[in-house]
Q: 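Attaching a single structure in structure tokens format; questions to follow.
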Protein chains: 2
Amino acid sequence: MKIKCCDSSLDENKAKDLLSNSGLNRTKMKVTILLELSSAKTPLSVADIYQELGDESCDKSTVFRTINQFKEKGLVREINLGEDFNRYEIINPDHEHSHHHHHVRCRECGDIKLIEKCDLSPFEKMISKLGYKKMEHYLEFTGICSKCA
Amino acid sequence: MKIKCCDSSLDENKAKDLLSNSGLNRTKMKVTILLELSSAKTPLSVADIYQELGDESCDKSTVFRTINQFKEKGLVREINLGEDFNRYEIINPDHEHSHHHHHVRCRECGDIKLIEKCDLSPFEKMISKLGYKKMEHYLEFTGICSKCA
DNA sequence: CGATAACTGCAAGTAAGTTGCAGTTAAGCC
DNA sequence: GGCTTAACTGCAACTTACTTGCAGTTATCG
């Protein structure tokens, strides 16, 4: 099992705590997936996750089910970067992926970078005036990166 | 910020002209699909399109192929509103869907409204500084509308 | 330790979107 | 109008992301 715990702010114990606090069982599989998401430099697809596990692989249905649980419990957020599958990234107060942000994806090489800043409050204020509540927004960028230009 | 409802600005002859100008054959099927997209109040999914045709139905593969041609020729734009399928709306200089805009979708009833205004130039400037060219952005809102609140 | 609920692997199933092929239709030229 | 060719269409089979039912396993908690 290859889990890169380099600069990750999540270790096995913290992962287990997160699971317990979310009412999920602290199984080996759930911990593994959570750590993999935590140490990833970019949002991962479900295929990324179960291919990464290699020998100790688990079934893709398990990954899908686990990810959906994480999503329901607010441990991960789902994003779509214009590919034909979704990606997931961890939400953890101690983690750099946790705060609200967006992404740029290179349409050539597929490389994904984080965009830290986001102020769409003027938009949301105006939409609120139309009677909408509980606004959420979804914003992603694509472009051609400097390597591919 | 303005939300408009749509009135179709496309009739059969204009549709045929659009097809010819795009280098596509003026077939009954292509005209029909173009008119249906033109008169739609919200972006349509491919399933919407071929179910709407009813008796005069055509194969879903035809709709997919046609929509892809329209997309390549710049006649329609593809959008994803957080559902598990794409939607398409017409781009026509005479048509109010033609200019760049976004949408709010009610997470309860699924109703979709247009958002006219969009100024993300500060974001795009910032990203340009990272070396990205040919920026595109994708922005959609969801919320709970006044009827469903 | 034992009961129960949550979890997992497997295989089979959905549904969006694609593709190969053979028959049909539109475009262009005479 | 008729002819040729390329574009188009319907059908069926396929691909792929994601889901589901079931039976066996594992975690939790008393």
Side-chain angles (χ1 to χ4, degrees), chain A residues 1 12-13 15-36 43-73 75-88 110, chain B residues 12-13 15-36 43-73 75-88:
Chain A
M1 171 159 16
E12 189 166 332
N13 286 330
K16 287 183 175 174
D17 285 351
L18 269 179
L19 291 172
S20 295
N21 294 338
S22 303
L24 300 172
N25 279 3
R26 304 146 61 110
T27 66
K28 189 180 170 189
M29 209 70 260
K30 283 181 161 56
V31 171
T32 304
I33 294 175
L34 205 48
L35 289 177
E36 196 178 337
L44 298 181
S45 67
V46 168
D48 288 337
I49 294 172
Y50 68 77
Q51 279 161 15
E52 188 78 11
L53 296 185
D55 286 343
E56 305 220 11
S57 82
C58 65
D59 196 73
K60 63 174 181 173
S61 66
T62 301
V63 182
F64 276 112
R65 271 189 284 228
T66 302
I67 286 288
N68 281 335
Q69 289 176 320
F70 287 179
K71 210 169 61 175
E72 281 166 23
K73 301 299 184 182
L75 295 177
V76 302
R77 83 168 58 85
E78 182 180 87
I79 58 179
N80 186 296
L81 265 26
E83 299 156 305
D84 53 358
F85 47 84
N86 292 322
R87 292 184 176 274
Y88 301 87
Chain B
E12 187 166 335
N13 285 330
K16 286 183 176 172
D17 286 351
L18 268 180
L19 291 172
S20 295
N21 294 338
S22 303
L24 300 172
N25 281 3
R26 304 145 64 111
T27 66
K28 191 181 168 188
M29 209 71 261
K30 283 182 159 60
V31 171
T32 303
I33 294 175
L34 205 47
L35 289 178
E36 196 178 338
L44 299 181
S45 67
V46 168
D48 288 338
I49 293 172
Y50 67 78
Q51 280 161 14
E52 187 80 11
L53 295 185
D55 286 343
E56 305 217 13
S57 82
C58 65
D59 196 73
K60 65 171 182 173
S61 66
T62 302
V63 181
F64 276 113
R65 271 188 284 227
T66 302
I67 286 288
N68 280 336
Q69 287 177 319
F70 287 179
K71 209 168 61 175
E72 281 167 21
K73 300 300 184 179
L75 296 177
V76 301
R77 85 167 56 86
E78 181 179 87
I79 58 179
N80 187 295
L81 265 26
E83 299 156 306
D84 53 357
F85 47 83
N86 291 323
R87 292 183 175 273
Y88 301 88

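Being a predicted model, the structure only gives us computed values, none of them experimental. So that the names make sense, note that chain A is the first sequence line, chain B the second, and so on, each numbered from 1.
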Q: D:dC11 base to B:S61 side chain: any donor-acceptor pair below 3.5 Å?
A: yes
Q: Between B:L24 and B:V46, which residue's closest nucleotide on DNA chain C lies nearer the 5′ terminus?
A: B:V46
Q: Please tell me if the side chains of A:L19 and A:F70 come closer than 4.5 Å, counting only heavy atoms from C-beta onward.
A: yes
Q: Whole-Å distance between D:dA27 P and A:Q69 CD?
A: 15 Å
Q: Taking CZ from A:R26 and P from D:dT25, how many angstroms apart are they, rounded to a whole number?
A: 24 Å
Q: How many Å lie between NZ on A:K30 and C1' on D:dT26, as a whole number?
A: 11 Å
Q: Could you state the NZ-C1' distance from B:K16 to C:dA26, rounded to the nearest angstrom?
A: 11 Å
Q: Would you check if B:M29 and B:L53 make a side-chain contact, meaning some heavy-atom pair closer than 4.5 Å?
A: yes
Q: What does B:E83 touch in the nucleic acid at a heavy-atom separation under 4.0 angstrom: a base, only the sugar-phosphate, or nothing?
A: nothing
Q: Regarding A:S20 and A:D17, do their side chains bring together a donor and an acceptor under 3.5 Å, going by distance alone?
A: no
Q: Answer yes or no: does a side-chain N or O of A:T66 lie under 4.0 Å from OP1 or OP2 of C:dT8?
A: yes
Q: Need one value for B:K60: base, sugar-phosphate or nothing, where a base atom within 4.0 Å counts as base even if backbone is also close, heavy atoms only.
A: base
Q: Send over the distance from A:Y50 OH to C:dG9 C1', rounded to a whole Å.
A: 14 Å
Q: Could you tell me how far apart B:K71 (NZ) and C:dT18 (P) are, to the nearest whole angstrom?
A: 7 Å
Q: Using a heavy-atom cut-off of 4.0 Å across all strands, would you classify B:R65 as base, sugar-phosphate, or nothing?
A: base
Q: Does B:N25 have a side-chain nitrogen or oxygen under 4.0 Å from the phosphate oxygens OP1 or OP2 of C:dT25?
A: no
Q: Distance check needed: D:dA12 P versus B:D59 CG, whole Å only.
A: 9 Å
Q: Keeping A:N25 on the side-chain end and A:T27 on the backbone end, is there a donor-acceptor pair under 3.5 Å?
A: no
Q: What is the distance, rounded to the nearest whole Å, between atom NZ of B:K28 and atom C1' of D:dC8?
A: 14 Å
Q: Within the structure, does a side-chain N or O atom of A:N86 lie under 4.0 Å from either OP1 or OP2 of D:dC18?
A: yes
Q: Given A:Y88, which of A:I33, A:L44, A:V46 fulfils the side chain to side chain contact (heavy atoms under 4.5 Å, CB included) condition?
A: A:V46
Q: Under 4.0 Å between a side-chain N or O of A:T62 and OP1 or OP2 of C:dG9?
A: yes
